[in-house]
Structures are given as structure tokens and as C-alpha cells.
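In listed order, ligands and their atoms are each counted from 1. Nothing here was measured: the structure is a model prediction, and the numbers come from that model.
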Amino acid sequence: MEIFEEIEPLRAFLKGKRAALKSIGLVPTMGALHKGHLALIRASKAQNEVTISSIYINPTQFNNQADLDKYPRMREADIKLLETEGCDVLFAPSNTEMYSGYQSLTFDFGTLDKVLEGKFRPGHFSGVALVVSKLFNIVQPDRAYFGQKDYQQFQVIRRLNEELKFSIELHSVPIVREESGLALSSRNQRLNEQDKKNALFLYDTLSNAKVQLLKGMPFSEIKTEAETRAKKKGEVKLEYFELANKNTLQELEDVNDFKNGILLIAAFVSDVRLIDNMLLVAE
Ligand code: PAF
């Protein structure tokens with residue numbers, strides 16, 4: 001695997017690949033790779049001749065310094081995993097390389113980034129859009145791959161791609177779960193065995209809600225029940241649990257519009273913030 005830490009040598013390398021008419025797939029990550037990331041690499045390898053993954057912990061998308069400081073960093077293990085998967089290129093830049101001292105550009109996606117994650121992590125999606133724009137400009141991939149676990153992030157990036165005319169084919173790859181149902185996340189590294197059991201609250205709440213909604217139970221009742229269960233549990237601090245339209249992420253207007261419905265949840269387990277989601281009708 002070729003490893004680049006600087007933009008210009010990477011551009012020169014990719015120019016050569018483009019000149020040889022090789023298709024390029026980009027898998028942006030913040031490292032601490034798990035099977036969910038590897039599914040993205042595999043999806044890219046199946047559709048592109050060159051797969052490039054980036055590992056960059058982007059400071060502008062963290063609205064909480066402690067969260068940024070605690071984000072797991074495991075470069076050597078990540079490199080081994082990428083090599084085992086047959087990833088062709090790794091781009092692992094420094095903050096100076098990515099930002100050159102500037103952090104002033106901001107993005108506003110109207111109602112799309114004001115709800116759910118956006119409501120609880122102000123500025124988060126502006127930081128994501130900024131770094132993803134940079135990566136899209138540097139790599140100019142044919143296709144780019146993101147995990148469905150960050151569902152709202154994918155909708156924001158889709159809008160970014162359309163508005164800035166990047167013309168990149170975007171792919172959202174289904175969530176990879178542990179056997180228990182827990183969605184894989186780099187943050188799970190900070191959970192002990194008991195935390196992991198408590199974290200099942202997210203998946204269980206989503207799965208039960210889906211069944212109850214399909215049986216006709218109003219979402220308001222389902223949500224109240226979930227809030228009560230979280231309070232009783234104590235170890236889980238529910239931040240939000242919503243039923244939304246899967247395209248706009250605003251409240252689902254017609255609760256029977258199952259094909260457009262998605263449930264989204266965020267909760268703290270110990271001091272680790274976890275998110276998960278479930279489409280009412282799988283795509
Ligand atoms: O999903 C992530 O890991 C990050 O938000 C991304 C897309 C790599 C941007 O930093």
C-alpha cells in the first residue's frame with residue numbers, strides 16, 4: 001500500500017492513475033478501523049481499480065475538545081488492516097497539511113443540519129462538509145463510500161455533492177453490527193463489557209420501535225416508553241430518539257408513510273456518545 005502524508009505527491013500519483021483511465025474509489029475515515037470500515041473498503045474495491053482510504057481526525061467536526069482528545073488513535077493497527085484488505089493507497093495528512101492555518105470556511109445546510117446530530121453538536125456538519133470538500137478536491141474520486149450509521153452525515157454529504165457539483169457517485173454502505181446487534185463504531189473501543197451490554201439499549205429501542213410502529217402504536221407513546229426505560233436504567237443517557245423522513249430528516253409527517261421513515265437515536269453510555277438508526281423499510 002502506498003502511504004502519502006502530503007497532498008501534492010498524492011495528487012501527482014492519482015494524476016498518473018487517471019491518465020491510465022483507472023477508476024478511483026475514496027473511503028474517508030478517522031481511523032480506529034473496524035469491520036464497518038472494512039466493508040467500505042470492500043465495496044470500493046468491487047467497483048474501482050484504485051481504492052484510497054484517508055485517515056484523518058478532523059478537529060473542525062468536534063464540538064467538544066474532550067471528545068477530540070479521547071478519540072482512539074491506532075495508526076499501525078489501521079495500516080495493517082488496510083493492507084490485509086488490499087487497500088491501494090492511504091492518505092494520512094497532518095492538520096497543517098489539511099488546514100494550512102485556516103479554519104474559517106463554514107457551511108449551512110438549512111433545516112438538514114439543524115436537527116438530530118446538528119442540534120446536539122453545533123458546527124459538527126460544517127466541519128464534516130469542510131473536510132470532505134477538501135478530500136473530494138484533493139482525490140477527485142469517481143466514487144466515495146460512507147457508513148449508513150452516520151445517516152445524517154450521508155444526507156449532508158449528498159447535498160454538498162449536489163450543491164458544489166462534485167459529481168461523485170456516493171455510496172452509503174449498510175451498518176455492520178456485532179452479533180448482539182450493537183452497531184460497530186470506533187467509539188466502542190472505549191466501552192467495557194458492561195457498557196457494551198448497556199449500549200444494546202440503542203439497538204433494542206430501535207428494533208422494538210420498528211415492530212410497534214408497524215403494529216400501529218403512535219410514535220409519541222413509543223418514545224415516552226423509551227425515555228422511561230433509559231431513566232430507569234440510569235447508565236444510559238438518551239439524547240434523542242426520533243422518527244423522521246429519511247430524505248429531509250424532518251419529523252415524519254404521515255406516520256403511516258413507512259417507506260420513507262427512519263428511526264434515529266443518540267445516547268451516552270458511561271461518557272461515550274453512541275448513535276444508531278434503522279430504516280422502517282430496508283432499501
Ligand atoms: O465518518 C467519519 O469518519 C468522518 O466524519 C469523515 C467522513 C471521515 C469526515 O471526517
Side-chain angles (χ1 to χ4, degrees), residues 4 7 10 25-41 43-44 51-65 67-75 77-78 81-82 85 87 89-95 97-99 103 105-107 109 112-113 116-118 120-139 141 143-161 164 166 168-176 183-190 249 264 266 272-277:
F4 295 89
I7 295 168
L10 173 66
L26 170 67
V27 179
T29 83
M30 297 205 296
L33 303 181
H34 51 68
K35 286 185 185 148
H37 295 112
L38 303 186
L40 304 182
I41 300 284
S44 171
T51 288
I52 165 164
S53 176
S54 60
I55 296 185
Y56 178 60
I57 302 181
N58 171 37
T60 61
Q61 70 186 76
F62 286 83
N63 55 318
N64 175 334
Q65 184 64 36
D67 196 23
L68 172 59
D69 294 342
K70 284 187 209 152
Y71 204 85
R73 290 158 169 84
M74 37 208 349
R75 184 183 156 111
D78 286 345
L81 279 175
L82 289 174
E85 280 309 318
C87 180
V89 183
L90 167 62
F91 178 48
S94 65
N95 286 338
E97 191 66 8
M98 284 304 268
Y99 282 96
Q103 292 199 355
L105 266 185
T106 56
F107 289 77
F109 295 90
L112 186 60
D113 66 346
L116 305 161
E117 288 300 284
F120 289 91
R121 302 183 69 188
H124 168 65
F125 287 120
S126 178
V128 169
L130 182 53
V131 79
V132 169
S133 301
K134 286 171 190 269
L135 290 169
F136 282 179
N137 267 326
I138 296 164
V139 176
R143 304 183 182 86
Y145 300 80
F146 299 88
Q148 193 204 304
K149 188 172 74 62
D150 294 294
Y151 189 88
Q152 188 174 13
Q153 167 172 282
F154 188 73
Q155 301 311 317
V156 165
I157 293 171
R158 202 152 77 167
R159 178 80 70 77
L160 180 77
N161 190 41
L164 293 187
F166 282 112
I168 296 167
E169 192 180 301
L170 298 180
H171 292 265
S172 169
V173 177
I175 300 176
V176 179
L184 295 193
S185 161
S186 303
R187 291 165 194 263
N188 293 0
Q189 309 231 12
R190 293 175 48 214
L249 292 181
L264 304 108
V272 184
R273 188 173 184 281
L274 301 172
I275 58 172
D276 200 349
N277 65 74

Quiz item: Do Y99 and T60 have side-chain N/O donor and acceptor atoms under 3.5 Å apart?
Solution: yes

Quiz prompt | Worked verdict on S172 versus F146 for side chain to side chain contact (heavy atoms under 4.5 Å, CB included) | solution = CA-CA 5 Å; S172 169; F146 299 88; 5.8 Å; no

Quiz item: Should the ring pair H34 and H37 be called parallel, tilted or perpendicular, given that the plane angle runs from 0 to 90° and is split at 30 and 60?
Solution: tilted

Quiz item: By number and element, which atoms of ligand 1 are closer than 4.0 Å to a non-hydrogen atom of V131?
Solution: 9 (C), 10 (O)

Quiz prompt | Identity and distance of the protein heavy atom lying nearest atom 3 (O) of ligand 1 | solution = M30 CG, 3.7 Å

Quiz item: How are the rings of F62 and Y71 set relative to one another: parallel (under 30°), tilted (30 to 60°) or perpendicular (over 60°)?
Solution: perpendicular

Quiz item: At under 4.0 Å between heavy atoms, which part of T29 makes contact with ligand 1: side chain, backbone, both or neither?
Solution: backbone

Quiz item: Could K134 and E97 be called an ion pair, given the rule that one side-chain N must be under 4.0 Å from one carboxylate O?
Solution: no

Quiz item: Are any of the N/O atoms in Q153 less than 3.5 Å from those in ligand 1?
Solution: yes

Quiz item: Tell me, which protein residue and heavy-atom name are nearest atom 9 (C) of ligand 1, and how many Å apart are they?
Solution: Q61 OE1, 3.3 Å

Quiz item: Under 4.0 Å from any heavy atom of P28, which atoms of ligand 1 are there?
Solution: 8 (C)

